[in-house]
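Notes follow the structure.
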Amino acid sequence: MAKIIASVNCSHVPAIGAAWDNGKAQQPYWAPIFNGFDFSKKWIADLKPDVVILVYNDHASAFSLEIIPTFALGCAPEFKPADEGWGPRPVPVVKGHPELACHIAQSVILDEFDLTIVNKMDVDHGLTVPLTLMFGQPQEWPCKVIPLAVNVVQFPPPTGNRCFNLGKAIKKAVEAYPEDLRVVVFGTGGMSHQLQGTRAGLINREWDMRFLDSLVKNPGELAKMPFIEYVREAGSEGIELVMWLISRGALNEKVREVYRFYHVPCSNTALGHLILENER
Ligand SMILES: [Fe+2]
């Protein structure tokens, strides 16, 4: 049977992708950020997952204001890097896992989650930057990737509780899949940041740390936090953090914290990174 073994949470700041693609990864500004993922690269290379379910948000690349799905699951065999204005990132095409993705869609929709099934979708920095941080620049990505795009751009986003419960439904679906697959769920976005208005550049380190602690130890309580607290404490784009509750919901109640990294500044955000494993 398939099994979810771990989660990886990290920011997906677009400037990270641009820095990597333009050979700036070891410049003084960027080196501490990329070095913060040295452990993670080795950890995931040793773990060798078969499939990553990558929770991220689309930034008006695949979807526009014409169609705004709350949860969009990529069921296609492949997903091309999106052109976000400077041409597509020079990274491998993302290979999907249509059989597992369709199985998850069927299971969670019948569990009353209204997923949108997407059979064609370009994937933007929200998905490709976490892959770069974790895998560097291989010829091909070393595992299949199922994209799960969540609307956190246009109000109203899904609640943390809805995200947490969707994670649990995904866990149930994966565990009912008959093939022996080892699955890791990525939750991306955040941490505290605000890109516009008088509070642009907002960083709330204390709040970010409390969020990380709660995500590890007390996600059920964290899931009750209302939308407005994310916005007030973590900035308007801090709402991306609800996506970390999907990856957390997909794990067991008790988890082992394997690695944590936090760095300010990354572009104008606080970069957070957390690896959790199910207790074995
Ligand atoms: Fe984002």
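Values reported hereafter were calculated over all heavy atoms of this structure, with side chains retained and with hydrogens, waters and symmetry mates removed. All ligand and atom numbering here is 1-based and tracks the order in the structure.
The atom name of the N/O/S atom in H12 closest to the Fe ion (ligand 1) is NE2. For E240, the N, O or S atom closest to the Fe ion (ligand 1) goes by the atom name OE2.
Contact annotation: E237 places no N, O or S atom under 2.8 Å from the Fe ion (ligand 1). At a cut-off of 2.8 Å, H59 coordinates the Fe ion (ligand 1) through an N, O or S atom.
Note on D50 versus K144: no salt bridge recorded, every NZ/NE/NH1/NH2 to OD/OE distance being 4.0 Å or above.
If you check the side chains of S236 and R199, you find no donor sitting under 3.5 Å from an acceptor.
Classified by interplanar angle (parallel below 30°, tilted 30° to 60°, perpendicular above 60°), the ring pair F135/W141 is tilted.
Judged by distance alone, the side chain of R248 and the main-chain N or O of N252 form a donor-acceptor pair under 3.5 Å.
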